[in-house]
Every structure is written in structure tokens, then in C-alpha cells.
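Keep in mind the model is a prediction, meaning the values are calculated, not measured.
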Amino acid sequence: MAGSAEAGAFSPDGTVDPESPLSEREQQMLSLERSWWKYSGAKEQAIRDLFGLSATAYYQILNALIDTEEALAHDPMLVKRLRRLRTTRQRARTARRLGADA
């Protein structure tokens, strides 16, 4: 299967820390966010293959995850970057809405 081979390229770049308060899946999600761009293939396909989730469900879980103190402690730079990107996107959406309503 080509999709599985592509997703294999997205395998987590770090080992799962059994001492972490984060679950294995949560750690793997952060690992994917940290390194997905290094590999070929569509990120959405990797999400489906690795986690069995739609992109929408994945991002809902990821957004909840990056709001936790445990995720921040696990990978502070990544979580801060993801939070910053989310805030930027939210502001852009709000500006578009306000511009369209004016």
C-alpha cells in the first residue's frame, strides 16, 4: 500500500517517554507536528494512517492537547509555536469576518 509506506516515513522521530504524563498517542501527535514537513507525502494521509483519524478530528484533539500544561512541559518550543500559529490563524479569520461584515 502506497499510503502506508508514506505514513511510515512519518514515524515518530523520538521514543515514547513512559514517564511522561502524556499518552503514547499524544506524544506521537506532537512528534508528527515537530517533523512532518521533513518527509514526502500528504500530512492528512499520514494522520489517517498513523492515528485512524480524519484531519478534522486530529486537529480538534491536537488543539486541546496544546492547551495542556503536560504538553507544554513535554515540548515547550513546539507547543508555544503551535499556539502562536493557532492564534495567528484565529486573528486572520476574525479580521476577514469583520472586513466582510463592514
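Side-chain N or O atoms of Glu24 include none that pairs as donor or acceptor with a backbone N or O of Val16 at under 3.5 Å. When atom types are taken as modelled, the side chain of Arg83 and the backbone of Ile66 share a donor-acceptor pair closer than 3.5 angstrom. Side-chain N or O atoms of Ser35 include one that pairs as donor or acceptor with a backbone N or O of Ser31 at under 3.5 Å. Formation of a donor-acceptor pair under 3.5 Å by the Glu33 side chain with backbone atoms of Leu78 is not found in this model.
Of all non-hydrogen atoms in Arg34 and Asp75, the two that sit nearest each other are NE-OD2, 2.8 Å. The shortest non-hydrogen separation linking Glu26 to Leu65 is O-CD2, 3.7 Å. Asp17 and Gln27 get closest at one heavy-atom pair: N-OE1, 2.8 Å. For the residue pair Ala64 and Thr68, the shortest heavy atom distance occurs at O-CG2, 3.5 Å.
Residues Asn63 and Arg86 form a side-chain contact, since some pair of their non-hydrogen atoms from C-beta on lies under 4.5 Å apart. At a threshold of 4.5 Å between non-hydrogen side-chain atoms, the residues Arg91 and Thr94 do not count as touching.
Within a 6.0 Å radius of CZ in Arg93, more than 12 heavy atoms belonging to other residues, nucleotides or ligands are found.
Partners of Arg81 under the side chain to side chain donor-acceptor pair (under 3.5 Å) rule, at least two apart in sequence or in another chain, do not exist in this structure. Annotation: side chain to side chain contact (heavy atoms under 4.5 Å, CB included) contacts of Ala73 (sequence neighbours excluded): none.
Among pairs with a residue in residues 52-73, those fulfilling ring pair (Phe, Tyr, Trp, His ring centres under 6.0 Å) read Phe51-Tyr58, at least two apart in sequence or across chains.
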Problem set entry | Worked verdict on Lys80 versus Leu72 for side chain to side chain contact (heavy atoms under 4.5 Å, CB included) | CA-CA 7 Å; Lys80 287 177 184 178; Leu72 185 61; 4.0 Å; yes

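In this structure, Ser54 OG and Gln60 CD are separated by 7.0 Å, a value rounded to the nearest 0.5 Å. For the atom pair Leu22 CG and Met29 CE, the distance stands at 11.0 Å (nearest 0.5 Å). Taking CD1 of Ile61 as the reference point, atom OG1 of Thr56 lies at 11.0 Å (rounded to 0.5 Å).
A donor and an acceptor atom, one from each side chain of Gln45 and Arg48, are located under 3.5 Å apart.
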